[in-house]
Participant: 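Below you'll find the structure I mean.
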Amino acid sequence: MIFKSAKIEAFRTWGLLLTMLGMGLMVLGTAGIVFFGSAGKILAGIGLVIGLIAMMGSLAIYFWAGMMSVSAVQIECPECNKLTKMLGKTDRCMFCKTIMTLDPSQANITAEQLEAQKSTS
Ligand SMILES: [Zn+2]
């Protein structure tokens, strides 16, 4: 991800960006009629269609993010002791952006902690 944020937050950011883009295109398209008259109608049509697709896309991303946040594992962050949600094996804390992992081979923990993790899971 480009942003240093938790995966769910990143999806929300992209969803918001797409919504803004879609709304912007719709406004621009409508403004096209005002500024260019009849010629702007084609522009407005294209703007409205792309805007609508972008907004539907953002809706899909929001829905997807919602579905994933349901299946996400809720854990207490070892850094800031706040409850955060993890997607997949590795994700960042929503609050302090610490990278966390559920994969013991990726975590830089001691052998003792690794053994304790194996026995509990
Ligand atoms: Zn944290």
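Fair warning: this is a prediction, and the values are worked out from it, not measured in the lab. Every number for a ligand or one of its atoms is a count from 1 in the order of the listing. The first residue in the sequence is number 1, and the count goes up from there.
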Participant: According to side-chain contact (heavy atoms from CB on, under 4.5 Å), who are the partners of Ala44, at least two apart in sequence or on a separate chain?
Facilitator: Ile33
Participant: Listing request: all ring-ring contact (aromatic ring centres under 6.0 Å, His included) pairs with a residue in residues 64-102, at least two apart in sequence or in separate chains.
Facilitator: Phe11-Trp64
Participant: Would you please name every residue forming a side-chain contact (heavy atoms from CB on, under 4.5 Å) with Leu59, sequence neighbours left out?
Facilitator: none
Participant: What distance separates Leu21 CG from Leu17 CG, expressed to the nearest 0.5 Å?
Facilitator: 8.0 Å
Participant: What are the protein N/O/S atoms, named by residue and atom, that sit under 2.8 Å from the Zn ion (ligand 1)?
Facilitator: Cys77 SG, Cys80 SG, Cys93 SG, Cys96 SG
Participant: Without swapping roles, check the side chain of Thr84 against the backbone of Met94 for a donor-acceptor pair under 3.5 Å.
Facilitator: yes
Participant: Could you grab the distance from atom NZ of Lys7 to atom CE of Met86, nearest 0.5 Å is fine?
Facilitator: 7.5 Å
